[in-house]
Engineer: 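Can you keep this structure in mind? I'll have questions shortly.
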Amino acid sequence: MSTSDPFYASASTDQVAQEMLGMLLTYQSPKGLVGGWIVETEAYLGQLDSAAHAFKGRRTASNEPLYGPPGTVYIYSIHGRYLLDVAAQAKDVPQGVLIRAVEPFIGKEIMLKNRAKTGFDLTNGPGKLMEAFGISDKKMNFEIFGDNSKLDIHKHRKKIPQMIETSNRIGVSNQGDWAGKPLRYFVKGNPFVSGMKKRDMDLDHFGWR
DNA sequence: ACGCAGATCCACT
DNA sequence: GTGGATCTGCGTG
C-alpha cells in the first residue's frame, strides 16, 4: 500500500476498519516472513472520540504517528505490550485503526517460536499478534505500510467475510458516550477473533465466504 | 515520582 | 467462563 494510494483517505475511518477485514497483513521479520488475515479491527475517531488517544487534540511524542499521512505505522505500548495501528486519514487528522487480531497464514512456525502459546491463542489479540510477529519496540513508527516498511497490508489479497459483526470497543477506560459506540469490527465466527466463544466459532469456513 | 492504560495470563468458580 | 494480579512505558504533576 503506497503513500499515494487513496484507499485510506477516500473513506471514513470506520469504513476503512471494516474494509481491512480479510486483508493480508505481513511483516518481513529477521526470522522470515510472517503474516495473517486481518479478522478484527477497531476505529478510533480522533479529537471528538473520548476513547481515542487523540481525544481533545492530544498530541504527544508517542501518539504523533496518528497525525501522519494515511497508512502511517502507529505502534504504542500498554501494559507492557505493543499494539499495532494504522493512521487512516489525511495528515494531521488523527484517526486510526487498531488491528486487534489476525488468522495466521504465513510463517506459522516462526510465530509459534515467538510465542509460548498455540492454537487460536497464537494471534487472537492485539498484543498477542505483535508478540507472534516478533515486534517488541516502536522502531517502525512513522513508516508507511508497504512503502518503506517491513510491515505491509495487502489491499488486493483479500478474503471476503461472510458477515461482519460489530460491538463496542474492548478495554476503553473512558465511560463517555463513545465507550459504547459500535466501532469494533470482526469476521463473524472466525476463531482468531479475541474473546471468541467456542460455540460461536465457525470451524468449517472460519467465517469466510 | 506516581498512577494508570486501546491487554494478557492463570487460578479459580 | 471469569475475576484478579501483573505486565511497563509514558503523561501529568
Side-chain angles (χ1 to χ4, degrees), chain A residues 12-14 16-18 20-21 25 36 38-68 72-89 93-102 104 111-142 145 151 153 165-186 189 191-201 203:
Chain A
S12 63
T13 300
D14 52 315
V16 172
Q18 292 177 67
M20 279 169 58
L21 296 176
L25 170 70
I38 298 172
V39 298
E40 178 181 353
T41 59
E42 284 178 359
Y44 286 86
L45 303 187
Q47 46 261 65
L48 296 175
D49 180 352
S50 61
H53 288 166
F55 182 46
K56 291 186 191 161
R58 191 166 76 92
R59 185 167 190 164
T60 65
S62 68
N63 75 358
E64 181 63 25
L66 265 182
Y67 289 80
T72 301
V73 173
Y74 171 40
I75 297 172
Y76 68 95
S77 67
I78 181 171
H79 292 113
R81 323 271 158 170
Y82 288 87
L83 277 59
L84 180 62
D85 274 51
V86 195
Q89 294 297 321
V93 180
Q95 303 192 11
V97 176
L98 167 64
I99 300 174
R100 285 191 53 88
V102 302
M111 294 191 239
L112 285 165
K113 274 184 202 149
N114 287 340
R115 235 178 101 61
K117 293 281 184 179
T118 59
F120 303 140
D121 247 345
L122 190 56
T123 54
N124 67 346
K128 298 180 188 181
L129 79 90
M130 289 291 268
E131 186 176 315
F133 277 23
I135 301 172
S136 54
D137 58 53
K138 312 202 301 184
K139 290 183 188 143
M140 290 187 286
N141 261 337
F142 297 109
F145 278 89
L151 282 165
I153 295 171
E165 190 103 69
T166 72
S167 82
N168 57 310
R169 293 167 293 183
I170 306 296
V172 304
S173 56
N174 205 304
Q175 294 304 311
D177 306 340
W178 286 83
K181 298 226 183 219
L183 293 171
R184 168 177 178 247
Y185 305 97
F186 57 95
F192 287 93
V193 171
S194 69
M196 175 70 54
K197 296 186 181 74
K198 251 187 192 150
R199 63 169 174 277
D200 295 331
M201 291 180 181
L203 294 176

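Proteins come first, then strands; the chains are lettered A, B, ... in the order of their sequence lines, and each starts at number 1.
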Engineer: Going by the angle between their ring planes, with limits at 30° and 60°, are A:Tyr44 and A:His53 parallel, tilted or perpendicular?
Structural biologist: parallel

Engineer: Between OH of A:Tyr185 and CG of A:Asp14, what distance do you get to the nearest 0.5 Å?
Structural biologist: 4.0 Å

Engineer: Compare the minimum distances between each of C:dC10, B:dG6, C:dG1 and the side chain of A:Asp85, then state the nucleotide with the smallest one.
Structural biologist: B:dG6

Engineer: To the nearest 0.5 Å, tell me how far A:Glu131 CD sits from A:Asn114 CG.
Structural biologist: 7.5 Å

Engineer: Minimum heavy-atom separation for A:Leu183 to A:Leu45, with atom names?
Structural biologist: CD1-CD1, 4.0 Å

Engineer: Using 0.5 Å steps for rounding, measure from the CG atom of A:Leu21 to the OG1 atom of A:Thr41.
Structural biologist: 4.5 Å

Engineer: Do A:Tyr76 and C:dG9 have a side chain to base donor-acceptor pair shorter than 3.5 Å?
Structural biologist: no

Engineer: Just verifying a value: how many Å separate A:Leu98 CG and A:Glu40 CD, rounded to the nearest 0.5 Å?
Structural biologist: 8.0 Å

Engineer: To the nearest 0.5 angstrom, please state how far the CZ atom of A:Phe142 sits from the CD atom of A:Glu64.
Structural biologist: 5.0 Å

Engineer: Tabulate atom names and distances for all N/O pairs under 3.5 angstrom spanning the protein and nucleotides 9-11 of chain B.
Structural biologist:
{"residue": "B:dC9", "atom": "OP1", "partner": "A:Arg115", "partner atom": "NH1", "Å": "2.9"}
{"residue": "B:dC9", "atom": "OP1", "partner": "A:Arg115", "partner atom": "NH2", "Å": "3.1"}
{"residue": "B:dC10", "atom": "OP2", "partner": "A:Lys117", "partner atom": "NZ", "Å": "3.1"}

Engineer: Could you pull out the closest heavy-atom pair between A:Phe145 and A:Thr72, with the gap in Å?
Structural biologist: CE1-O, 4.2 Å

Engineer: Among A:Gln95, A:Lys56, A:Lys181, A:Arg169, whose side-chain hydrogen bond (donor to acceptor under 3.5 Å, both in side chains) with A:Asp49 holds?
Structural biologist: A:Arg169

Engineer: Mind pulling the stems DNA chain B is in, i.e. runs of at least three Watson-Crick or G-U pairs, everything under 3.5 Å?
Structural biologist: B:1-5 with C:8-12, B:7-12 with C:1-6

Engineer: It should be established whether A:Lys198 places a side-chain nitrogen or oxygen under 4.0 Å from OP1 or OP2 of nucleotide C:dG1.
Structural biologist: no

Engineer: Is there a side-chain polar atom (N or O) of A:Thr60 under 4.0 Å from OP1 or OP2 of C:dG11?
Structural biologist: yes

Engineer: Using a heavy-atom cut-off of 4.0 Å across all strands, would you classify A:Leu83 as base, sugar-phosphate, or nothing?
Structural biologist: sugar-phosphate

Engineer: Answer yes or no: does a side-chain N or O of A:His79 lie under 4.0 Å from OP1 or OP2 of C:dT8?
Structural biologist: no

Engineer: Is the shortest heavy-atom distance from the side chain of A:Leu151 to the side chain of A:Met140 under 4.5 Å?
Structural biologist: yes

Engineer: Out of curiosity, A:Thr123 OG1 to A:Ile38 CD1, how far, rounded to the nearest 0.5 Å?
Structural biologist: 11.5 Å

Engineer: Strictly below 4.0 Å, heavy-atom distances to any atom of DNA chain B: list the hits from residues 42-49 of chain A, or just say none.
Structural biologist: A:Tyr44

